[in-house]
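A note on names: the letters A, B, ... follow the listed sequences, proteins ahead of strands, and every chain is numbered from 1. Computed from heavy atoms alone, side chains included, the values below leave out hydrogens, waters and symmetry copies.
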Protein chains: 2
Amino acid sequence: MLNRSRVLRLSRYKNAVLRLKSLNFVRVFSDNLADATGVTAAQVRKDFSFFGISGNRRGGYVVDELLSQLNKTLGKDQFHDFIIAGIGNIGKALLRYQGFEKSSIRIAAGFDIDPMKYNPNGTVPILPLEQMNEYIVKNGIKLGIIAVPDYAAQQVLELMKSAGIKGILNFAPICLRETSDCVINNINLVTELENIIYFVESAEAKKGK
Amino acid sequence: MLNRSRVLRLSRYKNAVLRLKSLNFVRVFSDNLADATGVTAAQVRKDFSFFGISGNRRGGYVVDELLSQLNKTLGKDQFHDFIIAGIGNIGKALLRYQGFEKSSIRIAAGFDIDPMKYNPNGTVPILPLEQMNEYIVKNGIKLGIIAVPDYAAQQVLELMKSAGIKGILNFAPICLRETSDCVINNINLVTELENIIYFVESAEAKKGK
DNA sequence: AATAACTTGTGAAAAATATCACAACAATTC
DNA sequence: GAATTGTTGTGATATTTTTCACAAGTTATT
């Protein structure tokens, strides 16, 4: 069965391998990846085994081979276009984020309802939300990011799905439900901070006692 | 044992209850929360039971009571100050993010090495990174956000930890390892998008076959 | 070419997590 | 006030995920 956190770990391994490669490593061991990503070596190997990624006994994994296997598994052997709905603080940050390009991720266009945000001729065009459907269909976009306020999220989700979007990263602070025809990852910034608060507070409490 | 995803779910329940409250719900059932957050009703009850949150048989949970129990458990009965290191795209977006205040989360200050970013007299002061240690110690800050480039992340982590930070949300695309004295949550935007790409691609592949 | 050193790949075991199913109970109806 | 209905709280069960442990294999050394 395909397991979400297993795929997340695969991405982390890939990042770790990239960093090791930049340090001129030619081979890596499951041990190295375990250290770099905070899991056990057995888990690294189990994960690889699950996706049919293999190395050499005693020789570990050849960095370049491993990278290409990881990229292939993750579908990173081709460019992927995303669109963003909502050009607020988060949306703008994602538009400008430098880290995507080298991971063959491209933000193709942004959409908003606020005319002040429109910029049809920018590097990444910002267009009226009404044009989103047309854009998605015309360009065959399959991937979207939702960065609108909570009250608009569900509606934007429906718009995206009906236009043919198959996968969404959602930053709106509301848990969008995924369906069989559309994968959704929810990132809730408040929730993430609350999580940290909880563990820090409970550590304090334990110590105080 | 305390379980990270259990606490994350608790935050989601809290958000769901807040939304139901705004719809004038007076009581909620585990069923409602299950629907709103995409888990089973049994899980909601198990989670509550774990934290000692209880309702009434047949009567469900009284919204206001439940909220205060959730907030108390999550340590949201008081304000929490965070600092941010790295005032780039992500850092700036977080500084301006509107959603924190009503969750009693406050960004107290930002730090960067670029003098162009300094703004010591803004609503949220942006100060030189060299002053971070002093600021943390002086104000008793326990919580931090890392939004610097990958190559600087480890170093900023050490700075924060040595100054007394106990919990960190990390946006740098490198997996920072948590230690017994400092909780860390890593959010890697590329990884999140890759995860979606993977599931969309593999769904495509399955359909094509 | 035999031995030693070391790492993978993976079944088996353990641990963690989620679901089931139902007794216990509270509100409502008859 | 007895019967009915509906919901919680939770042991027991099932499933998922992780770790263990070691045979199988590869390279290096003597």
Between dT19(D) and Thr40(A), is there an OP1 or OP2 to side-chain N/O distance shorter than 4.0 Å? yes
Please state how far atom CZ in Phe48(B) lies from atom C1' in dA18(C), giving the value in whole angstrom units. 16 Å
Checking Glu201(A) now: which residues fulfil salt bridge (Lys or Arg N to Asp or Glu O under 4.0 Å) with it, not counting sequence neighbours? none
In whole angstrom, give the distance that lies between atom CZ of Arg45(A) and atom P of dT26(D). 16 Å
Categorize Ser5(B) for me: base, sugar-phosphate, or nothing, with a 4.0 angstrom heavy-atom threshold over every strand shown. nothing
With a cut-off of less than 4.0 Å, is there a side-chain N or O of Arg9(B) near OP1 or OP2 of dA18(C)? yes
Between Asn56(B) and dT7(D), is there a contact of a side-chain N or O with OP1 or OP2 at under 4.0 Å? no
Provide, to the nearest angstrom, the distance between the CZ atom belonging to Phe50(B) and the P atom belonging to dA16(C). 12 Å
Polar contact flag, side-chain donor to acceptor under 3.5 angstrom, Gln154(A)-Glu158(A): yes
Separation of atom CG in Leu33(B) from atom P in dG9(D), rounded to whole Å: 12 Å
Could you tell me whether the phosphate oxygens of dT19(D), OP1 or OP2, come under 4.0 Å of any side-chain nitrogen or oxygen in Gln43(A)? yes
Check the distance between dT7(C)'s P and Ile53(A)'s CD1 and give it to me in whole angstrom. 20 Å
Report yes if at least one side-chain N or O of Asn3(A) is closer than 4.0 Å to OP1 or OP2 of dT16(D); otherwise report no. no
Using whole Å, report how far CG of Asp47(B) lies from P of dT8(D). 14 Å
Do Arg106(B) and Phe82(B) meet the cation-pi criteria used here (NZ or CZ under 6.0 Å from the six-membered ring centre, within 45° of the axis)? no
Starting at CG of Asn32(A) and ending at C1' of dC6(C), how long is that distance when rounded to a whole Å? 13 Å
Decide whether Asn32(B) and Ser30(B) meet the rule of one side-chain donor and one side-chain acceptor closer than 3.5 Å. no
Roughly how many Å is it from CZ in Arg4(A) to P in dA18(C), rounded to a whole number? 15 Å
Do Asn170(A) and Asn186(A) have a side chain donor and acceptor closer than 3.5 Å? yes
So which nucleotide from dA26(C), dA4(C), dC22(C) ends up closest to the side chain of Arg58(B)? dA26(C)
Taking for Val39(B) and for Arg27(B) the nucleotide of DNA chain C with the nearest heavy atom, the one nearer the 5' end belongs to Val39(B)
With a 3.5 Å cut-off and just heavy-atom distances, do the side chain of Arg57(B) and the base of dT7(D) make a donor-acceptor pair? no
Could you work out which one of dG9(D), dT19(C), dT19(D) sits closest to the side chain of Lys46(B)? dT19(C)
Does the side chain of Ser49(B) get closer than 4.0 angstrom to OP1 or OP2 of dG9(D) through an N or O atom? no
Tell me whether the guanidinium CZ or amine NZ of Arg27(B) lies under 6.0 angstrom from the six-membered ring centre of Tyr61(B) and within 45° of its axis. no
OP1 or OP2 of dG9(C) under 4.0 Å from side-chain N/O of Tyr61(A): yes
Residue met sooner reading DNA chain D from 5', once Gly59(A) and Gly59(B) are mapped to nucleotides: Gly59(B)
